[in-house]
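Report on one structure; see the data block that follows.
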Amino acid sequence: MTAPAGSLLAATDLRKAYGTTNALDGAEFSIHAGEVVAVMGPSGSGKSTLLHCLAGIVPPDSGSIAYAGRELTAMSDAERSELRRTEFGFVFQFGQLVPELTCVENVALPLRLTGVKRKEAERTALHWMEQLQVEDLGAKRPGEISGGQGQRVAVARALVTGPRVIFADEPTGALDSLNGELVMQLLTEAARSANAAVVLVTHETRVAAYSDREIVVRDGRSRDMERIV
Ligand SMILES: Nc1ncnc2c1ncn2[C@@H]1O[C@H](COP(=O)(O)OP(=O)(O)OP(=O)(O)O)[C@@H](O)[C@H]1O
């Protein structure tokens, strides 16, 4: 099977086994620029493994992953790292901010690591913190802010390099529903304004409702869901 035309990131027939466990067993995926796709499914069905393969973190045993016309599985580790640093952004469930740095330093960090000067990096960081409504927290450290605020800072950090794809693995998993909704609303608004695609792993239908499309993973296989309106 070939990837759908015009997709930014597409995977076909992905397989990945851990010992005797088939985490992925012929999974398919595709996403367009600016699209938000929710990956749903029961615990242990292969959602995180799919995300890690798509993001070039975990190599699949077989199958194809095409990003902007380039085959991820044919790249060297160094090329995949470079891609993750420059083209992809990441938001996880928790524990992703560096506790010793202030919030603005945390958001600016991915830019600093690519050699951007401190002042310019922090100016860009503040722009994204405004989008996520956490600009007042710049001088605070992660230990001094709430979980929901921390996730919004993490989203700002994921967007700061201007990535084309954001990978979000249960980004609201540690939040109450009100804070989860706010994170989702601001994440999807900011990503759409930047024309960044979002691969969103979640088991919550309320969170998946912020997506344009849902796929369901079961026993390592994926299928598209028709949105019931
Ligand atoms: N590093 C690993 N080593 C061994 N087995 C693994 C590893 N990662 C995942 N698995 C197994 O692969 C299967 C799929 O795991 P995965 O984490 O992708 O599922 P998931 O759908 O994201 O689950 P959850 O919703 O609980 O996070 C599971 O049976 C899991 O135990």
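In each ligand, atom 1 is the first atom listed, and ligand 1 is the first ligand listed. The figures that follow rest on heavy atoms only: side chains count, while hydrogens, waters and symmetry mates do not.
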Just checking, any donor-acceptor pair under 3.5 angstrom between side chains of [X] and [Y]?
X      : Y      : answer
Glu170 : His203 : yes
Ser193 : Gln131 : no
Ser177 : Arg206 : yes

**Item:** Proximity to ligand 1 by part of Thr49, non-hydrogen separation under 4.0 Å
**Value:** both
Just jot down the ligand 1 atoms closer than 4.0 angstrom to any heavy atom of [X], in number order.
X     : value
Ser48 : 17 (O), 18 (O), 20 (P), 22 (O)
Ser43 : 23 (O), 24 (P), 25 (O), 26 (O)
Thr21 : 12 (O), 29 (O)

**Request:** Answer yes or no: does an N/O atom from Gly46 fall short of 3.5 Å to an N/O atom of ligand 1?
**Result:** yes
**Prompt:** With only distance considered, is Glu170 within less than 3.5 Å of ligand 1 through an N or O on each side?
**Reply:** no
**Message:** Please report the interatomic distance CD(Glu181) to CG(Leu186), rounded to the nearest 0.5 Å.
**Reply:** 11.5 Å
**Item:** Top protein contact for atom 13 (C) of ligand 1, by heavy-atom distance
**Value:** Gly44 O, 3.7 Å
**Request:** Would you confirm whether any non-hydrogen atom of the protein falls under 4.0 Å from atom 2 (C) of ligand 1?
**Result:** yes
**Asked** Between Glu82 and Arg85, is there a side-chain N and carboxylate O pair less than 4.0 Å apart?
**Response** yes
**Prompt:** Can the ring centres of Tyr67 and Phe88 be said to be less than 6.0 Å apart?
**Reply:** yes
**Request:** Answer with yes or no whether Pro42 contacts ligand 1, where contact means a heavy atom under 4.0 Å from a ligand atom.
**Result:** yes
**Message:** Measuring from non-hydrogen atoms of Gly41 to any atom of ligand 1, is the shortest distance under 4.0 Å?
**Reply:** no
**Asked** What's the verdict on side chain to side chain contact (heavy atoms under 4.5 Å, CB included) for Asn179 and Thr172, showing C-alpha distance, side-chain angles and the deciding distance?
**Response** CA-CA 8 Å; Asn179 273 301; Thr172 64; over 6 Å; no
**Prompt:** Quick one: which of Lys47, His52, Arg218 has a heavy atom closest to atom 25 (O) of ligand 1?
**Reply:** Lys47
